[in-house]
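What follows is a short report on a single structure.
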2 protein chains.
Amino acid sequence: MAIADDSTGESPQVDRDHVQSLERGIAVLLAFDEEHPEPTLAELAQITGFSRPAVRRFLITLERMGYVRGSGGRWSLTPRVLAIGQHYTASHALIELAQPHLLRLAEETHESASLATLDGDDVVYVARVPVRRIMSINVSVGTRVPAHATSMGRVLLAWAPVPVVDSVLNRRPLRPITPRTVTDPSALRAELARVRADGWSIVDEELELGLLSASAPVRDRTGQVVAALASSTSAGRSSRGELERNVVPLLVETAERITADLGRR
Amino acid sequence: MAIADDSTGESPQVDRDHVQSLERGIAVLLAFDEEHPEPTLAELAQITGFSRPAVRRFLITLERMGYVRGSGGRWSLTPRVLAIGQHYTASHALIELAQPHLLRLAEETHESASLATLDGDDVVYVARVPVRRIMSINVSVGTRVPAHATSMGRVLLAWAPVPVVDSVLNRRPLRPITPRTVTDPSALRAELARVRADGWSIVDEELELGLLSASAPVRDRTGQVVAALASSTSAGRSSRGELERNVVPLLVETAERITADLGRR
DNA sequence: GTCTACTGCCCGCTATGCGTACAATCTGAT
DNA sequence: ATCAGATTGTACGCATAGCGGGCAGTAGAC
């Protein structure tokens, strides 16, 4: 057994397998956000906690790579940054393959269609055809929402390996997002069992009041659930019953079609 | 004036402002693509040209940060990678702000609506509402296309600073993408002048046969053109004349509305 | 079984990246 | 104008972070 992993606290012995500069450089890149869209060097140093010369080196490196641009003492991200995410998309055939199915689903239901994957406790949208703005937040590819309060999360958890489910459910109290969010672990486990039995999930105003969504599993060729397909609408425009009657069959059929496409390559 | 920039080749004097490990680490991340969706350590070393121990260090660092996952000797990207691009989106208010306008434009025209920015010689899609699949490639946020052959590129170049235009147009022969692509620099400059006069651009099958698109400028509060709004259709479904009559007015109006929204914050 | 090709890891060396310290520059107040 | 008081840019000596050659351990191929 290795002595490594977490230090017991005293040995100043450093971690030979960790590249500090990579982590720091990415931290600098991520320091750009809504609150700091055009930070100065000093601001970035303050946000990240690194020395100014260090931040400057990272910025110059990133600038040479085309990810940031500096002018007039202020720095900003370039659209090149978006290309990084493309590598995720490109390396997962599922996503490109699902696109036409999402388009068709959106067209037939007149509602937004989404495809998402599990990452930690969150569901991450990996493909999307928006139709109307229904959620208060602007959902785009890459957006994360808590798994336990969404139909896509329920679908992904329903067929996820036990340790994954445990790590999400046994986490410090599940956060209630709206008054209707189910936060009791055993109630959620029962719900997951029901999803498994039905083959789909509907979640009604648990992520956001007025938001209603249905979801079905997409599988890879080994039968493992790798993504969830969803259709979302507003509680005003539809209802749980209507969704179940009109949308769920189409949703399940579309998910199965994506699964089939994924299998035959 | 600094002695730095490009070395004349012989001085082994290193660049103190360049962080090697950051550049290498990102190179490892970018080595994942369509052809190498689940590479092994050795493959990555071969692709990047770094030693295996080095690649391993980067992978472990990236794994700890949640960007890659290793299992069974194969490594893959996690959806966390998509979060990096979100920082670009979040730091540019324009994008979120334009979203509802894109949705409305798409709904009213029944065609895909896009917003794009210039980066080097390329146009980069920064927001998009797809309606139907028209292009052979799958366009998503982050996708790059050559500026000279697209309506969005023409709009962005029409109002771009002279050195930017020169750097795009005087580049080694403009690549013809289809037989109809305009590649003569002076013809293009004339076209840019026309775009400037009209206030919009239509490009007809220059990027891809059968593809037809119209575009109008979006400005920031200083009047500078910061993005192009476009509506794309297929040559079968519409025509240049029809586009000019029915779509362009709506397009220009929508672009002006985005400009106005952008101005008042 | 042997062979091959991979990953995991150790470890000494030095180039790399570090931050302190100082110069240059800009901004606004007096 | 002149001068604080804030910036950012740069130099440089030092510690160490990161480097890769090399080897042990492991898994699959035949």
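In what follows, chains carry the letters A, B, and so on, assigned in the order in which the sequence lines appear, proteins first and then strands, with residues in each chain numbered from 1.
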Have B/Thr78 and B/Glu63 got a donor and an acceptor in their side chains that come within less than 3.5 Å? no
Shortest non-hydrogen contact between B/His87 and A/Phe32, atoms and distance: ND1-O, 2.8 Å
Pull out every protein N or O sitting under 3.5 Å from an N or O of nucleotides 27-30 of chain D, one pair per line with the distance.
none

Let me spell it out: for each of B/Pro53 and A/Phe58, pick the nucleotide of DNA chain C with the closest heavy atom. Which residue's pick is nearer the 5' end? B/Pro53
In degrees rounded to 10°, what angle is found between the helical axes fit to the five outermost pairs at each end of the helix from C/dG1-D/dC30 to C/dT30-D/dA1? 40°
Protein-nucleotides 26-29 of chain C N/O pairs under 3.5 Å:
none

Closest non-hydrogen atom pair between B/Arg52 and B/Ala45, with its separation: CG-CB, 3.7 Å
Residues within residues 20-37 of chain A bordering DNA chain D, heavy-atom distance below 4.0 Å: A/Gln20, A/Ser21
Counting heavy atoms from C-beta on, name the nucleotide in D/dC19, C/dT7, D/dT8 closest to the side chain of A/Leu41. D/dT8
Pair A/Arg69, A/Ser76: side-chain N/O donor-acceptor within cut-off below 3.5 Å: no
If a pair satisfies salt bridge (charged side-chain N to carboxylate O under 4.0 Å, His left out) and one of its residues is in residues 137-157 of chain A, list it, with sequence neighbours excluded. A/Asp119-A/Arg144, A/Asp122-A/Arg144, A/Arg154-A/Glu191, A/Arg154-A/Glu206
Ignoring backbone atoms, test whether A/Arg52 places a side-chain nitrogen or oxygen under 4.0 Å from the OP1 or OP2 oxygen of C/dG19. no
Report the distance from atom CG of A/Leu102 to atom OG1 of A/Thr254, rounding to the nearest 0.5 Å. 9.0 Å
Listed by chain and number, what are the ring pair (Phe, Tyr, Trp, His ring centres under 6.0 Å) partners of A/His92, not counting sequence neighbours? A/Tyr88
CD of A/Gln46: more than 12 outside heavy atoms within 6.0 angstrom? no
Minimal heavy-atom distance between A/Ile47 and A/Ala31, with the atoms involved, is CG2-CB, 4.0 Å
Within the structure, does a side-chain N or O atom of B/Arg56 lie under 4.0 Å from either OP1 or OP2 of C/dT7? no
